[in-house]
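A short write-up of the structure that comes next.
Quick note: numbers below take in every heavy atom, side chains included, and nothing from hydrogens, waters or symmetry partners.
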Amino acid sequence: MIIFILIKIKLRNSLKKSGSLKGEIIYDDLSGREKPLLSREFMLTGKPDRIMRVKDRFIPIEYKSSSHDSPEKGHILQLGAYFILIEENYGNVPFGYLEYRNRSFRIKNDDNLKRAVIEKAMEVRDNNYPHRNHNNPRKCAKCPFREVCEASLV
């Protein structure tokens with residue numbers, strides 16, 4: 001019981017920034033049941049953890065199970081890809097949140113991030129699949145490239 005309460009307190013603390021958003025949850029993939037979003041213009045696909053509609057703006061929230069004192073570059077690029085997907089499918093995305101276990105970061109949607117996402121996507125396409133940057137079989141098991149990846153752990 002005490003462990004459950006501590007986990008609940010940590011989760012509540014980690015949600016402090018995005019948790020203060022007043023709006024409607026319009027996409028919630030925390031259960032894994034949402035359909036992927038698709039960008040035909042940039043040939044991207046992805047499933048944000050959550051999208052909130054706040055007036056005429058759409059705010060993605062990406063939850064991470066790890067702790068970090070600053071946002072990881074790959075996570076920023078992931079959120080940037082979600083910005084592109086959400087803009088094409090819903091509308092205006094001024095920013096989003098990366099929610100780590102210990103901290104929350106508000107990431108601005110701008111042209112520099114969009115360029116970085118598009119460059120990374122082109123790099124991945126040129127190599128036919130991304131290079132593995134971990135030793136975690138669970139990540140490989142969830143990867144959409146696992147069937148063609150020569151470095152897959154599963």
Is there a side-chain contact between I51 and I26 in this structure, where contact means two heavy atoms from C-beta onward sitting under 4.5 Å apart? yes

So, taking the atom named NZ in K120 and the one named CD in Q78, what distance separates them when rounded to the nearest 0.5 Å? 13.5 Å

Quiz: residues 35-42 side-chain donor-acceptor pairs under 3.5 angstrom, not counting sequence neighbours:
{"from": "S39", "atom 1": "OG", "to": "F42", "atom 2": "N", "distance (Å)": "3.1"}
{"from": "S39", "atom 1": "OG", "to": "E88", "atom 2": "OE1", "distance (Å)": "2.5"}

Measure the shortest side-chain to side-chain distance between Y100 and P71 over non-hydrogen atoms and say whether it is less than 4.5 angstrom. yes

A quick test of your reading: do over 12 heavy atoms of other residues, nucleotides or ligands sit less than 6.0 Å from NZ of K64? yes

Applying side-chain contact (heavy atoms from CB on, under 4.5 Å), name anything that partners R57, two or more places apart in sequence or on another chain. V54, I59, N92, P94, F95

Heavy atoms only: give me the nearest Y90-F58 pair and the separation to one decimal. O-CE1, 3.6 Å

Just by modelled atom types, is the R33 backbone N or O under 3.5 Å from a matching donor or acceptor in the D29 side chain? yes

Any idea how H75 and H68 line up, ring-wise: parallel (<30°), tilted (30 to 60°), or perpendicular (>60°)? perpendicular

Closest heavy-atom pair, L44 versus A121, reported as atoms and distance to 0.1 Å, is CD2-CB, 3.8 Å

In terms of heavy-atom contacts, V117 and A81 come closest through CG2-N, 3.6 Å

Contact check, side chains of I76 and L98, non-hydrogen atoms, under 4.5 Å: yes

Side-chain contact, heavy-atom cut-off 4.5 Å: Y97 with L21? yes

Any donor-acceptor pair under 3.5 Å linking the side chain of E62 with the backbone of P48? no

Is it the case that more than 12 heavy atoms not belonging to K139 sit under 6.0 Å from its NZ atom? no

ILVMFWY cluster, F83 and M122 together (side-chain gap under 4.5 Å): yes

Residues that D69 engages under side-chain contact (heavy atoms from CB on, under 4.5 Å), provided they are two or more places apart: N102, R103

Rounded to the nearest 0.5 Å, how far does CG of L30 lie from CZ of R50? 5.0 Å

How close do L77 and A116 get, counting heavy atoms only, and between which atoms? CD2-CB, 3.7 Å

Closest approach of L85 to G46 (non-hydrogen atoms, all atoms of both residues): CD1-N, 3.4 Å

Does a side-chain heavy-atom distance below 4.5 Å link L79 with L113? no

Could you tell me whether the side chain of E87 reaches within less than 4.5 Å of the side chain of N109, counting heavy atoms only? yes

How long is the straight-line distance from CD of E72 back to CZ of F105, given to the nearest 0.5 Å? 9.5 Å

